[in-house]
Amino acid sequence: MLQPKMILCDLDGTLVDSVPDLTFCVDAMMERLGRAPRGEAAVRTWVGNGVEKLVCRALTGQLEGEPDAADYALAYPLFLELYAENTYTRSILYPGVREGLDFLASAGYPLGCVTNKAAQFTEPLLSHLGIRERFTLVVSGDSLPRKKPDPMPLLHAADHFGVVPAEALMIGDSVSDVKAARAAGFGIVCMSYGYNHGEDIRDSNPDAVIDSMVELKGLLAPLA
């Protein structure tokens with residue numbers, strides 16, 4: 001069994017299904033711009049790299065690609081306004097998350113949350129869902145100069161907890177999490193249900209893939 005000295009959790013697609021709120025905001029943004037809505041199926045393949053990328057993808061209809069600068073200048077603040085009012089209206093914890101976090105706490109693991117979501121949305125979402133107090137450290141997408149898949153947020157967290165990267169574990173859902181963990185020297189466990197741009201996360205070769213955070217009980221030995 002694994003016995004890391006510190007565990008970091010991703011947010012969107014790992015702990016929280018935030019796509020319903022994000023879809024509402026994307027579609028409302030597009031409507032205000034006089035364009036057709038994108039719908040939840042498309043938004044599910046676009047999330048995971050921060051709202052800047054999400055707005056670009058909504059405007060272009062593509063995972064990669066740059067929208068017209070004038071369009072983006074109109075759309076981005078509009079999205080921020082909408083999402084500030086709809087950060088947690090429709091978002092929910094995935095089944096098993098609360099139980100999984102309870103287990104990690106009872107097992108004595110120091111916990112951090114590392115997300116690419118901006119702090120102005122991260123903190124209210126965690127608080128509203130009743131899990132903010134589970135995390136000693138929260139690193140948002142704008143907390144540091146670089147975000148995942150760069151290893152900086154993970155290394156920052158390891159330094160905060162005084163843990164060497166080889167003894168740290170990341171729990172995520174996307175190739176961005178896998179790349180960040182590998183670059184930082186962390187172990188990486190991924191959820192099967194998250195946001196990975198329509199690709200099977202197993203193709204990214206994390207150390208393990210689980211269907212529910214309840215399954216962490218079978219992977220991790222208590223730290224104490």
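Note that the numbering runs from 1 along the sequence shown for the chain. Because only heavy atoms are used, hydrogens play no part in the values below, and waters and symmetry mates are left out as well, while side chains stay in.
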| query | Is the closest side-chain heavy-atom distance between Trp46 and Arg38 below 4.5 Å? | reply | yes

| request: Decide yes or no for Arg132 and Val138: does some side-chain heavy atom of the first lie under 4.5 Å from some side-chain heavy atom of the second? | output: yes

| query | Would you say Glu40 has more than 12 foreign heavy atoms packed within less than 6.0 Å of its CD? | reply | yes

| Do Tyr195 and Ser174 touch side chain to side chain, with heavy atoms closer than 4.5 Å? | no

| request: Could you tell me whether Glu64 and Lys53 make a salt bridge, using a distance below 4.0 angstrom between a side-chain N and a carboxylate O? | output: yes

| request: From the options Leu169, Asp173, Val209, Asp177, select the one residue that forms a side-chain contact (heavy atoms from CB on, under 4.5 Å) with Val189. | output: Leu169

| query | Can you list every salt bridge (Lys or Arg N to Asp or Glu O under 4.0 Å) pair that touches residues 72-82, not counting sequence neighbours? | reply | Arg32-Glu81

| query | So, are Lys117 and Asp10 salt-bridged, with charged N and O less than 4.0 Å apart? | reply | no

| field | Test: Lys217 and Asp102 ion pair at under 4.0 Å | value | no

| Any ion pair linking Glu52 and Lys147 (charged N to carboxylate O, less than 4.0 Å)? | yes

| Close side-chain approach of Leu126 to Leu11, heavy-atom, < 4.5 Å | yes

| note | Interatomic distance, CG@Leu59 vs OH@Tyr76, rounded to 0.5 Å, equals 12.5 Å

| Quick one: are Glu66 and Thr60 in side-chain contact, heavy atoms under 4.5 Å? | no

| Are Tyr109 and Met6 joined in one hydrophobic group, where the rule is that I, L, V, M, F, W and Y side chains link up if heavy atoms are under 4.5 Å apart? | no

| request: Answer yes or no: is there a donor N or O on one side and an acceptor on the other, between the side chain of Gln3 and the main chain of Pro222, under 3.5 Å? | output: yes

| query | Between Ile210 and Met191, is any pair of side-chain heavy atoms under 4.5 Å apart? | reply | yes

| query | With a 4.5 Å heavy-atom cut-off, do Thr87 and Asp21 have their side chains touching? | reply | no

| said: Could you check whether any side-chain heavy atom of Leu15 comes within less than 4.5 Å of a side-chain heavy atom of Met213, counting everything from C-beta outward? | reply: yes

Which pairs would a plain distance check flag for residues 198-205, meaning a side-chain donor or acceptor within less than 3.5 Å of a matching protein atom at least two apart in sequence or in another chain?
| from | atom 1 | to | atom 2 | distance (Å) |
| --- | --- | --- | --- | --- |
| Asp200 | OD1 | Arg202 | N | 2.9 |
| Asp200 | OD1 | Arg202 | NH1 | 3.3 |

| field | Flag if over 12 foreign heavy atoms under 6.0 Å of OH, Tyr88 | value | no

| remark: To the nearest 0.5 Å, atom SG of Cys113 lies from atom CD1 of Ile131 at 7.0 Å

Which donor-acceptor pairs under 3.5 Å do the side chains of residues 156-163 make with protein atoms, sequence neighbours left out?
none

